[in-house]
Amino acid sequence: KEGIPKDILEEAHRKAVEIASDSMVLLKNEGGFFPLKGDEEVVFAGHFLFEPQIQGAGSAYVKPAVLSDLTGGLQKAFPKARLFKAFDKWGYKERDFEKFCEAARSAEKVILFLGFLEHWDTEGYDRFDIDLAEGLREIYRAVKSLNPNTAAVLCGGGVKNIAFLSDAGAILETFLAGEGYGEALPLILSGKISPSGRLAETIPCRLEDTPSYLSMSFDGKEVFYGESIFVGYRYYNAKNIKTLYPFGFGLSYTHFEYSDLELEAEGRKAVLEFSLENAGAYDAKETVLIFYEKKDSEIIRAGRQLCV
């Protein structure tokens, strides 16, 4: 930070906020739970609300020159909101847990901040599962029984087992959003920016469904790559395995209409043209994914594959 011109730091931070906004993935949004209205009586709670997981540990850790204030940003965007620590990163109750429960019962909506522990997002070892701490899962179930209008904001690197959130009003996955997280999240939750992120990996129904489950070794000595070319979505498609959320999934506050599709193919080249229209009420970005599949191939192929 020292010696770096202020205007460069400010521009870099603006870009960090933009990247964080673009990368968040809206997985579920029942009945238009998000965006929140500015005058709604909302309760935000959790360890990751006050100490958000924005980056990995170990060699993935850096000290940001500028760090957005999440709690201040939420209070500004939602003046009637109440913020509670309520529970720690393991799901153990904090001193204000009972006050939080009282507020949650009467709130219009409750947003829980859940995530992985910071030392789970590091190098040098493999996790044995993709579960959030059992205490966090218990907290969610308890709060959901107090107020059915409960949603989750997730943070932390990699895929998480979120089957327990099947009845949540909304699920927003923020992953490791970096220094701009504290400004980007209020923009997303308030609707000033519509989510446009798409999943870069598949979220399975269970760990046993993953491509490497049978070949993964946990002896700390060797890793056997037995998936061949059937990595990620290629495996789930080839085996026709149901997933919680597929590769490339991501919701928006608006909806887009595709039309006038034209495809010209000659030899190994193809040109695809189409019209895209935002037919909803929110300004938004759209991420277009184009897949191809070669029929009657003489070599082993993965079937449908992402090309653009």
Side-chain angles (χ1 to χ4, degrees), residues 1-27 34-40 42 44-83 85 89 111 113-119 121-123 152-158 170 172-200 250-254 278 280-288:
K1 182 176 181 180
E2 295 182 4
I4 302 177
K6 183 179 179 181
D7 61 329
I8 293 180
L9 285 175
E10 291 176 347
E11 176 58 29
H13 184 68
R14 282 194 293 271
K15 179 59 68 174
V17 175
E18 180 184 350
I19 293 172
S21 303
D22 288 348
S23 66
M24 295 180 186
V25 182
L26 184 60
L27 296 174
F34 292 144
L36 303 173
K37 299 181 180 64
D39 59 352
E40 280 189 295
V42 183
F44 297 103
H47 166 86
F48 296 105
L49 167 62
F50 294 90
E51 298 181 42
Q53 183 71 355
I54 62 169
Q55 61 181 321
S59 59
Y61 176 82
V62 296
K63 186 175 181 180
V66 182
L67 187 61
S68 300
D69 176 18
L70 174 60
T71 55
L74 290 173
Q75 295 268 219
K76 183 178 180 180
F78 310 104
K80 293 185 178 180
R82 300 182 65 184
L83 281 60
K85 183 73 174 290
K89 57 189 176 183
I111 317 297
F113 285 70
L114 310 173
F116 281 157
L117 306 182
E118 64 273 7
H119 64 274
D121 289 321
T122 188
E123 74 274 72
V153 171
L154 305 174
C155 64
L172 179 66
E173 173 62 90
T174 67
F175 295 106
L176 300 173
E179 69 174 57
Y181 175 74
E183 290 174 62
L185 185 60
L187 292 173
I188 293 288
L189 295 182
S190 65
K192 291 183 178 179
I193 293 179
S194 175
S196 61
R198 298 293 188 92
L199 286 178
L251 301 176
S252 172
Y253 293 153
T254 188
N278 182 348
Y282 290 87
D283 291 336
K285 297 178 181 179
E286 170 70 331
T287 303
V288 178

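Note that these values count all heavy atoms, side chains included, but never hydrogens, waters or copies made by symmetry. Predicted, not measured: the structure shown is a model, and the values here were computed from it.
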Scanning both residues in full, the closest heavy-atom pair of Leu251 with Leu27 reads CD1-O, 3.6 Å
Separation between CD1 (Ile8) and NE2 (His13), nearest 0.5 Å, reads 16.0 Å
Taken to the nearest 0.5 Å, the spacing of Leu9 CG from Arg14 CZ works out to 11.0 Å
Minimum side-chain heavy-atom gap Thr287-Asp22 below 4.5 Å
no
Without swapping roles, check the side chain of Ser196 against the backbone of Glu286 for a donor-acceptor pair under 3.5 Å. no
Looking only at heavy atoms, the pair that brings Tyr282 and Asn278 closest together is O-ND2, 2.8 Å
- Donor-acceptor under 3.5 Å (Tyr253 side chain, Ile188 main chain): yes
Looking only at heavy atoms, the pair that brings Leu114 and Phe48 closest together is C-CD1, 3.8 Å
Atom CZ of residue position Arg82 - does it have more than 12 heavy atoms of other residues, nucleotides or ligands inside 6.0 Å? no
Output for pair (Lys89 NZ, Phe116 CZ), nearest 0.5 Å, gives 14.5 Å
So OH of Tyr61 and CD of Gln55: to nearest 0.5 Å the spacing works out to 6.0 Å
I would like to know whether Gln53 and Leu176 meet side-chain contact (heavy atoms from CB on, under 4.5 Å); could you show each step before the answer? CA-CA 6 Å; Gln53 183 71 355; Leu176 300 173; 3.7 Å; yes
Here the salt bridge (charged side-chain N to carboxylate O under 4.0 Å, His left out) pairs for residues 61-72, sequence neighbours left out, are none
Output for pair (His47 NE2, Cys155 SG), nearest 0.5 Å, gives 8.0 Å
task: Show the numbers, then the answer: is there a side-chain contact (heavy atoms from CB on, under 4.5 Å) between Tyr181 and Ser68?
output: CA-CA 7 Å; Tyr181 175 74; Ser68 300; over 6 Å; no
Taken to the nearest 0.5 Å, the spacing of Leu83 CG from Leu49 CG works out to 5.0 Å
Residues Ala77 and Pro186: closest non-hydrogen pair is CB-CB, 4.3 Å
Residue set satisfying salt bridge (Lys or Arg N to Asp or Glu O under 4.0 Å) with Lys76, at least two apart, ordered chain then number -> none
On a heavy-atom basis, the closest approach of Ala81 and Phe44 is CB-CE1, 3.6 Å
**Message:** Is it the case that the side chain of Glu183 and the backbone of Leu185 share a donor-acceptor pair, with hydrogens and angles ignored and the cut-off at 3.5 Å?
**Reply:** no
Nearest heavy-atom contact between Leu172 and Met24 is CD1-CB, 4.2 Å
